[in-house]
Colleague: 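One structure coming up, written as structure tokens, with questions to follow.
Each chain gets a letter, A, B and so on, in the order its sequence line appears, and its residues count up from 1.
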Amino acid sequence: MITDVLAQALVNSFEVLEIELELDEIQMERPASRTHGDWSSNVALVRAKQMGHVPRELAETLVRSMQEARIELVDKMEVAGPGFINFFLSPKWLHQVMIDVLELGEAGYARSAIGEGKSVNLEFVSANPTGPLHAGGGRWGAYGDSLARIFRRCGYATTTEYYVNDRGIQTELFGASLMARREGRDIPDDGYAGEYVSEWADEMPPNADPIVWGLERALTEVRDALASMNVTFDLWASEKALVSSGAMDQVISRLRAEGWLVENDGALWLRTTEFGDEKDRVLVKSDGEPTYFVPDIAYHEQKFGRGDLVIDVLGADHHGYVPRMSAAMQMLGHPPEAYEAIIGQNVTLVREGKEIQLSKRTGTMVEVSELIEAVGPDVARFAYLLQSIDTRQTIDIDVLASQANENPVYYVQYAHARIASVGREAGKRGIERLPLMPHSLELLTHEREIEILRCLSTLPEIVELAARDRAPHRLATWIREMAAAFHGFYHDCPVLRSDLEKDLQQARLWLVEASRVGFAVSLDLLGIEAPEQM
RNA sequence: GCCCUCGUAGCUCAGGGGAUAGAGCAGUGGCCUCCGGAGCCAUGAGCGCAGGUUCGAAUCCUGCCGAGGGCGCCA
């Protein structure tokens, strides 16, 4: 990597000053403005004080020493501002990036090894199977699935799962609600009032067990809706199966053996305050019934068999649950960092200018499937992924639907489709892409061409950042920039025109192919289709 | 009351120690001689408030204001 070359040069020039620095102590960053070069380092600002130097003077000394040493691909160095060292590189460094992209291709470019030898288990959505998935839940689906793809690209052995709460009070209430509707009675108190309950009740075969049938009906609905958005799971983990395996008893006796249980007021408590929880939590109620927390602990314990790092993606309304689960996992011998909860902010849905409250129980809701039907799977998924999971997201269905031709996802997909179109048109005109002549890439000097290459050069670090920060939206941001770069190139730089110099044409054909790789990789990580035509 | 998020352009959001804070939408004005105009180019406007740390703060810390969420022997 070019940054290593530059950082090494800085380390070397510090050695001249008899200062030992490690390579990773040098930060290289991309200046916000082109006028500040291609790469920049702030070492002089960081180190000057402790060395008793003035930053600018230190920077100048370093630059002088690097100039004497001559660094490959560096055209110019300068000291700027308070003491930044700016590197202006020969465009060749980007041509080298392009060769990497082409050699590594779709399968290999922007693949990182930061997760090599590590495994991660990701649980997301896990909405109760008591009705269709509402449009807020779609966010966790898009997020979790893309994050899993990013983890895999970074070398993590990744498994994904959906925890199916297929036993307990909610499922019973749901079954009872179905039965009530079926028989034309009012639903029970705290039952499910949504319209879908009546519709489903009509579908229910005469002798079906409403609980069993209802669960399957809901699960199918949820599974199909997510699948239509390209969200799938490695495992649908059944709570019922877990409980009947005896896992609850096992986990309770382990916790008892470790001394984490205490009896009080006839109930059995877990001393989660020992690990920072606000209060201890009841495991077994005074009536002898275990709380939901027990199977949850058992389930999380089981997940450690599928990943060294266990991650839950939870809605903001569940954040209070994290300290107790974290406490329980530590009691079972897992280091604190082995369990991670990602708290996502909720989605506000707007239709006809009004906020829609999302509640399965009261039935005022917008289903994921409705959203997808209204705007299409790619628009929906991209909308979910466009924003940081920390941001409360407002999705205005009318705006999304009316943006039919201006939606950001089309902007991106159109770029990919244009690439395919260039290929088709080339075929018609009998223009072939000949084996890559690395030397001819030096003809790529147009600002539009360089811009594409700059974009492509950042993709590997963007993927790593997205994994490290659990932030798929960084890919969404990147791909929009990439699309802008490509559209600009397409507008200004003809590829197939007959009067184009042949070597330049070849170089551009390869640049188009490199762009395709970038789009294909990032669209795949986002889980969005890469169309050949619109 | 305590705890967790979040306040950036008219709207939806990027940017999470670095130099002049970006994009889309909406507005205005341009660009069809040849690969797809779902495109390109130009243009106005912004870091909730107040302190602090730092050579440097939209970014880190504290307080206040505002928004959402959480504080059951519910799940």
Colleague: CG of Asp287(A) versus C1' of C73(B): gap in Å, rounded?
Modeller: 8 Å
Colleague: Nearest-Å distance, CD (Glu425(A)) to P (C35(B))?
Modeller: 7 Å
Colleague: Which residues satisfy the side chain to side chain contact (heavy atoms under 4.5 Å, CB included) test with His318(A), sequence neighbours excluded?
Modeller: Leu314(A)
Colleague: If the cut-off is 4.0 Å, is Tyr490(A) near the phosphate of C35(B), judged by side-chain N/O to OP1 or OP2?
Modeller: no
Colleague: Could you tell me whether G56(B) is syn or anti, where syn means a glycosidic angle within 90 degrees of zero?
Modeller: anti
Colleague: Given side chains that start at C-beta, do those of Ile479(A) and Phe519(A) come closer than 4.5 Å, heavy atoms only?
Modeller: yes
Colleague: To the nearest 0.5 angstrom, please state how far the CZ atom of Arg470(A) sits from the OG atom of Ser146(A).
Modeller: 15.0 Å
Colleague: Which nucleotide, A75(B), A38(B), G39(B), lies nearest any side-chain atom of Tyr411(A)?
Modeller: G39(B)
Colleague: Using a 6.0 Å cut-off, check whether atom CG of Asp189(A) has over 12 heavy atoms from anything other than its own residue.
Modeller: no
Colleague: Please determine if a side-chain N or O atom of Lys279(A) lies less than 4.0 Å away from the OP1 or OP2 oxygen of G70(B).
Modeller: no
Colleague: Between G39(B) atom P and Asn407(A) atom CG, what is the distance in whole Å?
Modeller: 11 Å
Colleague: Could you write nucleotides 11-18 of chain B as a row of B, S and -, 5' to 3', where a protein heavy atom under 4.0 Å of any base atom gives B, of only sugar-phosphate atoms gives S, and otherwise -?
Modeller: -SSSSS-B
Colleague: Rounded to whole Å, please give me the gap between CG in Asp280(A) and C1' in C71(B).
Modeller: 15 Å
Colleague: Just to verify, what does Glu57(A) make a side chain to side chain contact (heavy atoms under 4.5 Å, CB included) with, not counting sequence neighbours?
Modeller: Val54(A)
